[in-house]
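Structure first, then comments.
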Amino acid sequence: MTLLYHGLEQRGLVWRDIVASRVPEMPFLRWGHDEVDPEAVRYIAAWNAPGEFIAQFPNLEILFSVGAGIDQLPLADLPPQVRVVRMVEQGIITGMAEYVAMACLALHRDLPFFISEQRAGRWSYRHTRLASESRVGIMGLGELGRAALEILKPLGFPLSGWSRSPREIAGVTCFAGEAGFDAFLAQADILVCLLPLTDETRGILCRETFARMPAGSAVVNAGRGGHLVAEDLVEALASGQLRAAMLDVTAPEPLPEGHVFYSHPAIFLTPHVAAETRHETAGNVLADNIERLLAGEPLLGEVDRSRGY
Ligand code: NDP
Ligand code: OXD
């Protein structure tokens with residue numbers, strides 16, 4: 001019985017010591033470094049392991065995602081009995097809350113406009129508003145959406161949220177499913193996408209969605225690049241339906257040189273750094289899960305493969 005890790009060092013995650021001290025009975029081997037018997041591998045921890053890599057391990061039982069999302073894993077090639085566990089850890093949650101607070105304040109206070117005016121050498125006055133006048137709508141009320149709402153509450157933004165199933169969150173107007181989508185969008189001056197990428201959510205940030213938002217609103221995408229239709233965003237910015245966007249994720253990543261997002265004056269781009277898996281907190285969550293596994297307890301962050309998240 002072996003836990004194998006693949007490619008984690010590139011992300012600064014060296015978890016061998018944490019797992020060895022917490023669960024010494026679980027051999028934790030590094031792919032490409034330690035000698036590995038493929039038949040003994042029951043568990044793999046990886047950010048993005050290709051399908052051909054996974055296929056080498058006939059007895060694989062669990063694939064642990066190093067990220068909160070799982071769409072980067074080769075899910076279509078994964079045998080149906082393999083369980084998938086995503087990373088639910090405080091470092092990612094806190095990082096995303098910080099990013100959303102920064103993005104909402106920057107868009108609310110028209111930072112893209114003021115930066116572009118500064119670059120052009122212009123002292124351009126524009127009236128500013130208070131947070132109580134900018135309604136923020138969060139798509140996705142999971143671990144990250146809820147943390148984003150909590151950090152925004154004391155800033156005074158009127159808040160709403162949208163999820164697949166109905167939710168109740170104090171101080172937040174909650175909408176759910178198709179039936180609630182139009183009403184949710186109609187009052188999102190700043191729309192923040194924190195959805196998982198699934199067949200249902202791919203391309204959800206598109207022309208039709210933007211058209212249902214208040215004119216002159218703004219969008220933040222920190223979910224996945226596949227949520228956004230790039231040309232629809234550029235078109236909505238050109239027409240003034242949207243006034244600005246902040247994007248942490250793109251399709252593809254890295255975004256190719258010369259892509260319009262790099263130079264667009266109304267787009268702020270960060271290279272998928274909104275929330276990073278943190279070495280210490282995440283290593284301990286992996287160790288917690290190994291302990292739970294050995295004790296036959298439910299795992300933290302187990303994904304419903306039929307639902308896709
Ligand atoms: P969770 O699984 O905890 O939450 C997902 C939320 O999305 C739930 O509220 C769920 O609804 C909702 N949802 C899913 N499908 C739909 C749908 N079809 N319609 C409406 N709502 C839907 O995920 P997390 O909050 O932990 O993470 C969200 C995503 O953030 C990740 O999947 C990943 O893609 C992205 N991410 C990005 C990072 C970055 O650095 N940019 C870092 C980490 C994650 P319900 O509550 O009903 O289940
Ligand atoms: C994640 C990510 O899914 O980094 O954790 O995007």
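The shown structure was predicted, so the numbers you read here are calculated from the model rather than taken from an experiment. First listed ligand is number 1; within each ligand, the first listed atom is number 1.
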**Q.** Basic-acidic side-chain contact under 4.0 Å: Asp34, Arg16
**A.** yes

(Q) As an exercise, identify every atom of ligand 1 less than 4.0 angstrom from a heavy atom of Ala68. (A) 43 (C), 44 (C)

Q: Report yes if Trp162 has an N/O atom closer than 3.5 Å to an N/O atom of ligand 1; otherwise report no.
A: no

Q: Specify side chain, backbone, both or neither for Arg86, according to which of its non-hydrogen atoms lie closer than 4.0 Å to ligand 1.
A: side chain

Q.
Side chain or backbone, does Gly69 bring an N or O within less than 3.5 Å of an N or O on ligand 2?
A. yes

Q) Among all protein non-hydrogen atoms, which one is nearest to atom 11 (O) of ligand 1, and what is the separation to 0.1 Å? A) Arg164 N, 3.2 Å

Q) Starting from atom 37 (C) of ligand 1, which protein heavy atom do you reach first, and at what distance in Å? A) Ala222 O, 3.1 Å

Q | side-chain contact (heavy atoms from CB on, under 4.5 Å) assessment of His227 paired with Arg202 | A | CA-CA 5 Å; His227 287 129; Arg202 187 177 298 280; 6.0 Å; no

Could you tabulate the donor-acceptor pairs under 3.5 Å formed by side-chain atoms of residues 91-101, not counting sequence neighbours?
unit_1	atom_1	unit_2	atom_2	d
Thr94	OG1	Gln90	O	2.9
Thr94	OG1	Gln90	NE2	3.1

**Q.** Proximal ligand 1 atoms for His272, defined as those under 4.0 Å from one of its heavy atoms
**A.** 39 (C), 40 (O), 41 (N)

Q. By number and element, which atoms of ligand 1 are closer than 4.0 Å to a non-hydrogen atom of Met96?
A. 37 (C), 38 (C), 39 (C), 41 (N), 42 (C)

Q | Atoms in ligand 1 with a heavy atom of Glu200 nearer than 4.0 Å | A | 18 (N)

(Q) Tell me whether ligand 1 is touched by Gly67 - counting only heavy atoms on the residue side and a distance under 4.0 Å. (A) no

Q. Which atoms from ligand 1 have a heavy atom of Leu195 less than 4.0 Å away?
A. 7 (O), 12 (C), 13 (N), 21 (N), 22 (C), 29 (C), 34 (O)

Q) Hey, which atoms in ligand 1 end up nearer than 4.0 Å to a heavy atom of Gly69? A) 31 (C), 32 (O), 33 (C)

**Q.** Among Gly225, Ala176, Pro196, closest by any non-hydrogen atom to atom 5 (C) of ligand 1
**A.** Pro196

Q.
Looking at non-hydrogen atoms alone, which of His272, Glu276, Glu253 comes nearest to atom 6 (O) of ligand 2?
A. His272

Q. If we only count N/O pairs under 3.5 Å, is Ala68 in contact with ligand 2?
A. yes

Q) Which atoms of ligand 1 sit under 4.0 Å from any heavy atom of Gly142? A) 1 (P), 3 (O), 4 (O), 6 (C), 8 (C), 9 (O), 25 (O)

(Q) List ligand 1 atoms under 4.0 Å from Leu141, heavy atoms only on the residue side. (A) 6 (C), 8 (C), 9 (O)

